[in-house]
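What follows is one structure encoded as structure tokens, with my remarks underneath.
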Amino acid sequence: MANTTYRELANAVFDKIKDIDFANMDEEVAYQIVINYIRPAVVAFQSSTQDLSDRDDELAQFNFQLHDSTFIILVNYMIIEWLTSNFILTSNALKPRLSTSDFHSLNLYNQLSKATELRNILKSENDQLAIN
């Protein structure tokens with residue numbers, strides 16, 4: 001069995017999120033953005049039965065083949081990180097800079113609440129997968 005590469009994880013993330021911003025980006029830049037979500041995903045997945053710290057960042061791979069369940073859970077945590085950084089933190093950063101009426105008129109309030117709700121649902125489902 002071959003080691004699991006960061007690109008394999010990134011491809012699985014791209015398959016799930018279908019973000020137009022990534023489609024319009026240089027391919028290598030898009031991969032680097034998504035690959036940067038691996039470390040927070042590993043930290044979030046504390047109950048893994050595999051040693052997720054056993055990886056080579058220079059070769060951009062884990063030093064073993066991830067189990068299917070571990071792979072899926074990591075991908076899900078990477079998507080949670082993407083959602084948090086692109087929608088939740090961005091909207092929260094704008095909130096203090098905009099008046100309440102501007103924040104609501106730009107529909108950021110709805111976007112923030114829906115993104116937060118979606119992230120919480122995904123995290124809850126993923127945490128349950130990790131427990132199982």
Side-chain angles (χ1 to χ4, degrees):
M1 278 200 236
N3 295 343
T4 302
T5 66
Y6 292 179
R7 258 190 164 0
E8 290 175 87
L9 288 166
N11 285 334
V13 170
F14 290 136
D15 287 344
K16 284 190 170 194
I17 61 174
K18 310 278 191 237
D19 185 5
I20 193 72
D21 289 336
F22 282 130
N24 293 330
M25 243 180 238
D26 175 71
E27 185 177 331
E28 282 307 309
V29 171
Y31 272 107
Q32 285 309 308
I33 289 170
V34 172
I35 286 170
N36 283 329
Y37 298 137
I38 291 175
R39 181 170 286 161
V42 164
V43 170
F45 189 17
Q46 295 179 6
S47 63
S48 176
T49 58
Q50 294 182 284
D51 181 8
L52 300 178
S53 65
D54 185 12
R55 61 186 190 272
D56 188 330
D57 290 335
E58 291 201 19
L59 293 176
Q61 67 181 16
F62 287 86
N63 295 322
F64 53 90
Q65 180 73 34
L66 292 174
H67 299 147
D68 289 343
S69 58
T70 303
F71 184 92
I72 296 300
I73 292 169
L74 274 181
V75 167
N76 290 342
Y77 277 125
M78 290 169 69
I79 291 168
I80 291 166
E81 289 299 322
W82 167 79
L83 184 63
T84 301
S85 67
N86 284 283
F87 294 99
I88 296 169
L89 295 178
T90 303
S91 296
N92 276 332
L94 286 175
K95 192 173 185 178
R97 292 177 172 77
L98 298 172
S99 69
T100 302
S101 61
D102 286 342
F103 189 74
H104 286 282
S105 69
L106 291 172
N107 207 19
L108 292 176
Y109 176 78
N110 288 338
Q111 179 181 339
L112 176 60
S113 64
K114 293 297 182 189
T116 303
E117 181 182 337
L118 177 59
R119 182 195 57 186
N120 290 341
I121 290 168
L122 290 173
K123 185 164 179 359
S124 176
E125 289 174 355
N126 212 42
D127 289 346
Q128 189 59 48
L129 278 175
I131 290 168
N132 292 344

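Throughout, numbering of the chain's residues begins at 1 and tracks the sequence. Quick caveat, the model's predicted, so the values are computed rather than measured.
Between the side chain of Arg55 and the main chain of Leu52, a donor-acceptor pair closer than 3.5 Å is present. In this structure, Asn126 contributes its side chain and Leu122 its backbone to no donor-acceptor pair below 3.5 Å.
Every salt bridge (Lys or Arg N to Asp or Glu O under 4.0 Å) that Glu28 has, sequence neighbours left out, goes to Arg7. By the salt bridge (Lys or Arg N to Asp or Glu O under 4.0 Å) test, Asp56 pairs with no residue at all, sequence neighbours left out.
Counting only N and O atoms by type, the side chains of Asp54 and Asn63 include a donor and acceptor under 3.5 Å apart. With 3.5 Å as the limit, one finds no donor-acceptor pair spanning the side chains of Glu81 and Thr84.
In this structure, OH on Tyr77 lies 14.5 Å from CG on Leu9, to the nearest 0.5 angstrom.
By the criterion of side-chain heavy atoms lying less than 4.5 angstrom apart, applied directly or through intervening Ile, Leu, Val, Met, Phe, Trp or Tyr residues, Ile80 is grouped together with Ile72 in one hydrophobic cluster. Hydrophobic clustering, with ILVMFWY side chains joined whenever heavy atoms are under 4.5 angstrom apart, groups Ile35 together with Val29. Linking ILVMFWY side-chain heavy atoms closer than 4.5 Å, directly or via other members, places Val34 and Met25 in a single hydrophobic cluster.
Taking the six-membered ring for Trp and the full ring otherwise, Tyr6 and Tyr31 have centroids separated by 6.0 Å or more.
None of Lys16, Lys123, Glu125 except one satisfies the side chain to side chain contact (heavy atoms under 4.5 Å, CB included) rule with Asn76; the exception is Lys16.
Looking at Leu74 and Ile38, their side chains never come closer than 4.5 Å, going by heavy atoms from C-beta outward.
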